[in-house]
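The first residue of the sequence shown is numbered 1, and numbering continues consecutively from there. This structure is a prediction, so every number in the text was calculated from the model and none was measured.
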Amino acid sequence: MSASPSSPPPPRSRAQHGVRDIVLSLLFLVLIVAAVVGVTRGCSFSPGGPSVDSNAVRPTVDAPAELRRAAGRVPFAVRVPNVPAGWHGNSSSVDRVGDATPKPYAVRVGWLTDQGHYVRLSQSDAPGPDLLRFETGRDDRASGTVEVDGVRWEIHPAQRDERAWTTTVDGRQFLITGSGTEAEFRALAAATQSAPVVESSSRPVPTPR
C-alpha cells in the first residue's frame with residue numbers, strides 16, 4: 001500500500017498578509033527618511049538663501065601653502081592673508097587672464113567662513129578691468145567705494161546677487177567676491193592689506209618679438 005502524499009500547508013490568512021505588508025512598508029519608509037536626512041544634514045534654510053552648516057565642513061585646501069606655492073609659478077609677489085579663525089580653505093587655482101601676450105595670471109583662493117558664507121580673493125598682474133571681467137563676467141562701473149584701514153576699495157556688481165571689491169596695492173590688482181557679508185569682506189580686505197608677501201621665484205616669460 002503506497003504512502004499518501006503529504007498535504008500542502010494551509011494558506012496564510014489575510015491578517016498574516018496584512019501584517020507582513022505593513023512591516024515591509026514601514027521598513028521602506030525608514031530607509032527613505034534615513035537617505036533624505038543623510039543628504040540634507042549639512043544644509044539649513046535661511047530667508048536670504050541656502051547656507052552651509054559650518055560644523056559639518058572640513059578644510060579641503062591649505063590656503064597659505066597654496067598661496068606660497070603659487071608664488072613660484074607667477075611673476076609677481078603673492079600675499080598670504082591671515083584670515084579669521086573658523087574660516088576654512090575651500091578652493092585654490094592659478095589661472096591666465098585676458099588676451100595680452102604673455103597672458104597675466106590670477107592667483108585665487110576661496111574660504112568658507114564660520115558663518116557658512118563663501119569668499120574668494122584674487123591677486124593678479126592683469127589690468128583691473130580684465131580681472132573684474134574674468135571674475136564676474138561683467139564690465140559694470142563701480143557702484144560705490146569702501147575704505148578699509150586707509151585703503152579704498154571699489155564696489156562692483158558680480159554674479160547673481162553677489163558683489164566684488166577691487167583695489168590696487170603695490171601695482172597689483174586685488175579682488176574679493178562671494179556671498180560673504182560686508183564684515184567678512186572687510187576682514188578679508190584687512191588681512192590681505194597687512195599680509196606677509198612671498199616674493200616670486202618665477203621669471204616673467206619674455207614677450208615674443
Side-chain angles (χ1 to χ4, degrees), residues 42 50-100 102-137 148-149 151 153 156 158-160 162-205:
S51 61
V52 179
D53 180 2
S54 58
N55 293 325
V57 175
R58 295 292 180 270
T60 57
V61 169
D62 184 343
E66 291 298 326
L67 289 168
R68 287 190 289 267
R69 189 176 297 116
R73 299 176 56 190
V74 299
F76 58 88
V78 173
R79 291 177 177 247
V80 184
N82 182 21
V83 299
W87 289 25
H88 300 295
N90 174 262
S91 62
S92 68
S93 66
V94 176
D95 302 288
R96 306 305 289 265
V97 179
D99 299 318
K103 279 190 175 185
Y105 290 86
V107 176
R108 312 162 81 205
V109 172
W111 291 267
L112 288 174
T113 73
D114 53 355
Q115 298 301 313
H117 302 135
Y118 177 74
V119 291
R120 183 173 68 243
L121 171 67
S122 295
Q123 311 179 49
S124 180
D125 58 342
D130 288 354
L131 180 62
L132 180 65
R133 191 179 309 112
F134 173 75
E135 289 290 354
T136 69
V148 180
D149 296 339
V151 177
W153 293 72
H156 297 264
Q159 298 179 7
R160 299 177 294 278
E162 297 176 356
R163 62 200 178 285
W165 288 14
T166 63
T167 196
T168 304
V169 178
D170 295 335
R172 295 291 173 250
Q173 303 298 323
F174 294 85
L175 184 149
I176 296 172
T177 191
S179 61
T181 63
E182 179 175 342
E184 289 167 337
F185 270 48
R186 282 182 172 275
L188 181 53
T192 300
Q193 293 165 195
S194 62
V197 176
V198 179
E199 295 295 336
S200 170
S201 60
S202 172
R203 294 180 178 272
V205 179

Under 3.5 Å: donor-acceptor pair, side chain of Arg172, backbone of Asp125
no
Can a donor-acceptor pair be found, under 3.5 Å and without considering hydrogens, that links the side chain of Glu184 to the backbone of His117?
no
Value for CD (Glu135) from OG (Ser122), rounded to nearest 0.5 Å, stands at 3.0 Å
Rounded to the nearest 0.5 angstrom, the CG-CG distance for Leu131 and Leu175 is 5.0 Å
Hey, does the Lys NZ or Arg CZ of Arg73 hover above the aromatic six-ring of Tyr105, less than 6.0 Å from the centre and inside 45° of the axis?
no
Measure from NZ or CZ of Arg163 to the centre of the six-membered ring of Phe185 and say whether it is under 6.0 Å with the direction within 45° of the ring axis.
yes
Would Glu162 and Ser179 count as a side chain to side chain donor-acceptor pair (under 3.5 Å) here? Give the steps.
CA-CA 6 Å; Glu162 297 176 356; Ser179 61; 5.0 Å; no
Say whether [X] and [Y], considering side chains only, have a donor N or O and an acceptor N or O under 3.5 Å apart.
X	Y	answer
Thr113	Tyr118	no
Gln193	Trp153	yes
Thr136	Gln159	no

Would you find more than 12 non-hydrogen atoms of other residues, nucleotides or ligands less than 6.0 Å from Asp62 atom CG?
yes
Answer yes or no: is there a side-chain heavy-atom contact under 4.5 Å between Val119 and Thr177?
no
Before giving the answer on salt bridge (charged side-chain N to carboxylate O under 4.0 Å, His left out), spell out for Asp95 and Arg108 the whole-Å C-alpha distance, their side-chain angles and the decisive distance to 0.1 Å.
CA-CA 8 Å; Asp95 302 288; Arg108 312 162 81 205; 3.3 Å; yes
Under the salt bridge (charged side-chain N to carboxylate O under 4.0 Å, His left out) criterion, do Arg186 and Asp149 qualify, and how do the steps go?
CA-CA 9 Å; Arg186 282 182 172 275; Asp149 296 339; over 6 Å; no
